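Contents: one structure, followed by commentary.
All chains are named by letter (A, B, ...) in the order of the sequence lines, taking the proteins before the strands, and each is independently numbered beginning at 1. Source: prediction; values computed, not measured.
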Number of protein chains: 2
Amino acid sequence: MARRTRRTHNTGATREALMTAAADLFAGRGFDGVRVEQIARRAGVNKAMISYHFGGKLGLYRAILVDLFAGMNTELEALGRSPAPADELLREFVGIIASRSRSHPGFPAMLIREVISGGQHMADSMLPRILSVFQSVRGIVEKGVREGTFRAVDPILTHLTIIGSLVFFFATDPMRVRMVKAGMLPEGVKPPSPEAFVIHIQELVARGLAAETAPVPTRR
Amino acid sequence: MARRTRRTHNTGATREALMTAAADLFAGRGFDGVRVEQIARRAGVNKAMISYHFGGKLGLYRAILVDLFAGMNTELEALGRSPAPADELLREFVGIIASRSRSHPGFPAMLIREVISGGQHMADSMLPRILSVFQSVRGIVEKGVREGTFRAVDPILTHLTIIGSLVFFFATDPMRVRMVKAGMLPEGVKPPSPEAFVIHIQELVARGLAAETAPVPTRR
DNA sequence: GTCTATAGGCTGATAGAC
DNA sequence: GTCTATCAGCCTATAGAC
């Protein structure tokens, strides 16, 4: 998966510095909230390099998005071929989204911002990459229902629940950081670790989707 | 709760038109993605009215945020005083967030954008209003654990899961609309209705938090 | 591939008439 | 309370030297 333009032995260091710096900024302030000069400064390169390497601010933004989804989908592909039971696959799905959110901190926020805006900066050709994440969950859920380990839940609803709570958690870290700094958190309340959240989601989903082995406690 | 300046019988129609139009636009494109001229046009009033009534673009944005949280918290207050069992209260909490997201369509996206950015446009004095939503869930969860209907879950994790999946669902409607328009949805896949999602979340949470009456099926 | 200088366009705010 | 006209500042993109 080499880049294109590569004549010298400089491995596109400028390119990558720009993408890393920009991902961080775009995540925190959105496309319109970031100045190209700011990206360049943070990346330690010249402003004009953005146009040279990416054809402009939007090109840079899109390149980041493509990279993010490509990596995500590559990692998820293995799940579709695994023979593991559905409930275990779902746990792994959660783990993958979480670990990727941590290795690429800008991913959750950029994804959310983009999706919230209806994909304002995405060409139609990018939509399948988003759908592909859903297909991954869909396959697992349908498998679980078929095998009788899950109750007859809707794959879309399940997907939206899991991905929504996960990306929300990782994307909202800045707010929790601020709360702590401002000393606003109530007594005995501490921001949860990513590990704790992942386990919580995995457990909640496993129990919540489990086929009826016993009736649900209360009911109105 | 009357507004201030009201000499004539004009009930601040301009003010409200601006707030409604702006909420919609801010939700879809973020603070920096919206032009004041755009807001004014959509509201059918003059550009200069934004400065006159709100002191500027930021003032308008903040006024919307304050209104949104005030309404939300007012509605949630009743939950804290209700004698209903915890699992029912949690269902109601979900219902309230959902119905408010529908009556104020800009709410979920504005909330998410703001929280993702670490509250870039919020003064410290607004932070308690966000925390207050958490406190509401916290009270319910702790009650359920105390009464033995919930297993010993962490209120913060539970709160983040519920609020995250809910606001994500409602805020991402634009993307689903686009998917449909682009004819990109796979065979037999249709965007879920808000009602279906609410029920799904309520059910998932009720089952997922229920105290151990039976063992969870599979375990690695 | 990188940098400087600059152009060209747009943006939010306000002064002042009504 | 509302509107028109206007301005100062800022932002992205690029031409052209190295």
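The nearest whole Å value for the distance from the CD1 atom in B:Ile50 to the C1' atom in D:dC3 is 14 Å. In this structure, the OH atom of B:Tyr52 is 17 Å from the C1' atom of D:dT4, given to the nearest Å. For the pair A:Leu60 CG and D:dC11 P, the computed distance is 17 Å after rounding to whole Å. Here D:dT2 presents its C1' atom at 15 Å from CZ of B:Phe54, a figure rounded to the nearest Å. Summarising the geometry, the separation between NE2 on A:His53 and C1' on D:dT14 is reported as 15 Å, rounded to the nearest angstrom. If you measure from atom CG of A:Leu18 to atom C1' of C:dG1, you get 12 Å, rounded to the nearest angstrom.
Here A:Ser51 does not reach the OP1 or OP2 of D:dT12: none of its side-chain N or O atoms lies under 4.0 Å away. For C:dG1, the OP1/OP2 oxygens have no side-chain nitrogen or oxygen of A:Asn46 closer than 4.0 Å. Contact annotation: B:Thr14 side-chain N/O to D:dT2 OP1/OP2 distance is under 4.0 Å.
Looking at which nucleotide of DNA chain D each of B:Met49 and A:Ala48 is closest to, the 5′-most match is held by B:Met49.
When the nucleotides D:dG1, D:dA13, C:dT14 are ranked by their closest atom to the side chain of A:Lys47, D:dA13 comes out on top.
By the ring-ring contact (aromatic ring centres under 6.0 Å, His included) test, B:His159 pairs with B:Phe134, sequence neighbours left out. Remark: B:Phe170 engages no residue in a ring-ring contact (aromatic ring centres under 6.0 Å, His included) (not counting sequence neighbours). For A:Phe150, the ring-ring contact (aromatic ring centres under 6.0 Å, His included) test picks out no residue, with sequence neighbours left out. Residues satisfying the ring-ring contact (aromatic ring centres under 6.0 Å, His included) test with A:Phe69, not counting sequence neighbours, are none.
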Residues A:Tyr61, A:Phe31; criterion ring-ring contact (aromatic ring centres under 6.0 Å, His included); working and verdict: CA-CA 8 Å; A:Tyr61 181 92; A:Phe31 182 80; 5.2 Å; yes
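The ring of B:Phe168 has its center no closer than 6.0 angstrom to the ring center of A:Phe168.
Contacts classified as salt bridge (Lys or Arg N to Asp or Glu O under 4.0 Å) and involving residues 131-144 of chain A (residues at least two apart or in different chains) are given here: A:Arg138-A:Glu142.
Listed in residue order, the members of residues 22-45 of chain A having a heavy atom less than 4.0 Å from DNA chain D are A:Val34, A:Arg35, A:Val36.
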